[in-house]
Amino acid sequence: MHSPHGARPATSYDSSHSLPENEEEQPIREMMDSLAELARPARTALLIVDMQKDFCTPGFGAERAGRDLGPANRAMPQIARLLEGARASGVTVAHVGFWTLPDHGSDSDTWLQKRRGATVSAPDLCIAGSEGAEFVDALAPVKGELEIRKHRYSAFTATSLDLLLRARDVRTIVVTGVSTNVCVETTFRAGFELGYAVLVPPQACASWHERLHEAALENVRHRFGATPSVDEILAVWNS
């Protein structure tokens with residue numbers, strides 16, 4: 001089947017830092033060359049998912065629902081490093097935010113039922129136009145960067161993200177934000193199925209539960225892409 005983007009490099013980069021026994025002699029430089037191809041600034045987009053006040057800021061929705069904000073706030077400086085590197089190197093930046101319409105205008109019955117029972121969450125997070133729906137100040141968009149509002153977990157579902165990335169000839173997405181096992185994972189799965197190469201830096205995403213965070217990253221490595229570090233990605237963008 002012909003890829004919608006044309007020919008793509010294989011997503012073969014492995015950032016586990018320990019090579020399989022039958023590949024012990026494979027030069028590390030070959031892996032870095034693969035990452036350098038995948039993460040070329042002109043063909044890459046940085047997606048910052050749900051780094052909003054309701055998910056990351058003390059006193060707002062997620063904390064009131066009992067969520068530990070520590071993991072999200074530890075990821076924030078790493079995302080900020082990527083954002084700075086992306087801006088300096090010409091990488092496309094997309095700020096993706098959850099956007100719940102007032103009076104549950106964007107919620108189906110099934111969606112609302114599951115949201116009401118979601119772990120350390122609530123059905124009224126990120127109400128459209130509310131302060132809680134604003135992006136955190138440390139990662140605020142600047143002029144020229146994409147702002148995507150979504151009503152579901154995936155940044156691609158019923159949004160213009162795919163169209164806007166294709167218009168910029170983006171081939172690879174670097175997916176960051178919260179939560180690793182929900183909106184980040186749903187986004188990288190959708191992006192992969194649309195034909196994008198997927199990179200998920202572990203230090204730049206977070207979940208309320210470390211086991212779920214690690215399981216989502218394992219899914220990346222086994223089926224969807226690679227998990228290079230923030231430093232490794234920045235080394236490509238700064239080269």
Side-chain angles (χ1 to χ4, degrees), residues 1-13 15 32-51 78-99 135 139-150 152-178 180 183-202 204-205 216-217 219-221 223-230 232-239:
M1 181 175 67
H2 179 68
S3 167
H5 287 296
R8 290 177 175 276
T11 312
S12 59
Y13 174 76
S15 66
M32 292 306 297
D33 285 347
S34 176
L35 180 61
E37 176 64 20
L38 287 171
R40 280 190 299 159
R43 297 292 182 88
T44 299
L46 172 65
L47 309 187
I48 302 175
V49 178
D50 290 1
M51 295 302 289
Q78 299 298 322
I79 300 172
R81 293 178 63 209
L82 287 170
L83 180 57
E84 181 181 9
R87 288 169 173 168
S89 59
V91 169
T92 295
V93 176
H95 302 263
V96 180
F98 206 63
W99 197 245
F135 295 112
L139 304 172
V142 299
K143 184 177 180 180
E145 294 176 346
L146 303 178
E147 296 185 44
I148 303 296
R149 302 296 186 179
K150 63 184 176 67
R152 294 294 183 267
Y153 295 139
S154 171
F156 292 100
T157 298
T159 74
S160 59
L161 180 60
D162 184 40
L163 182 149
L164 294 172
L165 296 184
R166 291 180 191 278
R168 290 157 176 76
D169 204 19
V170 167
R171 308 294 183 90
T172 297
I173 52 175
V174 177
V175 189
T176 67
V178 294
T180 319
C183 294
V184 170
E185 181 164 13
T186 310
T187 294
F188 72 63
R189 284 173 177 260
F192 175 80
E193 294 199 343
L194 287 167
Y196 295 96
V198 170
L199 301 174
V200 183
C205 52
L217 294 172
N219 280 337
V220 178
R221 298 177 188 119
R223 288 291 185 270
F224 300 102
T227 56
S229 69
V230 169
E232 288 168 333
I233 293 171
L234 289 175
V236 173
W237 291 353
N238 295 333
S239 64

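Please read all numbers here as calculations on a predicted model, not as lab measurements.
- Closest heavy-atom contact between Ala155 and Val96: CB-CG1, 3.6 Å.
- A donor-acceptor pair under 3.5 Å links the side-chain atoms of Thr176 to the main chain of Leu47, judged by distance alone.
- In this structure, Arg149 CZ and Phe98 CZ are separated by 12.0 Å, a value rounded to the nearest 0.5 Å.
- Leu82 contributes atom CG, which lies 8.0 Å from atom CD1 of Ile48 (distance to the nearest 0.5 angstrom).
- When atom types are taken as modelled, the side chain of Ser160 and the backbone of Leu163 share no donor-acceptor pair closer than 3.5 angstrom.
- Among all heavy-atom pairs drawn from Cys183 and Val49, the shortest one is CB-CG1, 3.8 Å.
- With hydrogens and angles ignored, the 3.5 Å screen pairs no side-chain donor or acceptor of Trp99 with any backbone N or O of Ile148.
- Put simply, CD on Glu147 and CD on Glu145 are 8.5 Å apart, with the number rounded to the nearest 0.5 Å.
- Taken to the nearest 0.5 Å, the CE atom of Met51 stands 10.0 Å off from the SG atom of Cys205.
- From Thr227, atom OG1 reaches atom CD of Glu232 across 8.5 Å, with rounding to the nearest 0.5 Å.
- The heavy-atom pair separating Ser89 from Pro41 by the smallest distance is O-CB, 3.4 Å.
- Shortest non-hydrogen contact noted between Asn219 and Phe224 is O-CD1, 3.2 Å.
- Using a 4.5 Å cut-off on side-chain heavy atoms (C-beta onward), Asp169 and Arg43 make contact.
- Heavy-atom minimum distance, Thr186 versus Ser154: CG2-CB, 3.6 Å.
- Tested against Thr187, the residues Val175, Val200, Val198 include a single side-chain contact (heavy atoms from CB on, under 4.5 Å) partner, Val175.
- In this structure, Phe156 and Glu193 have side chains that are not in contact, with every pair of non-hydrogen atoms separated by 4.5 Å or more.
- Thr172 places a side-chain N or O within donor-acceptor distance of the main-chain N or O of Leu38, the cut-off being under 3.5 Å.
- Counting heavy atoms from C-beta on, the side chains of Val142 and Arg87 come closer than 4.5 Å.
- Of all the heavy atoms in Pro228 and Pro202, the pair that sits closest is O-CD, 3.5 Å.
- Annotation: side chain of Lys150 is not in contact with side chain of Leu161 (no heavy-atom distance under 4.5 Å).
- Rounded to the nearest 0.5 angstrom, Ile233 CD1 and Leu35 CG are separated by 6.5 Å.
- At least one side-chain heavy atom of Arg166 sits under 4.5 Å from a side-chain heavy atom of Tyr196.
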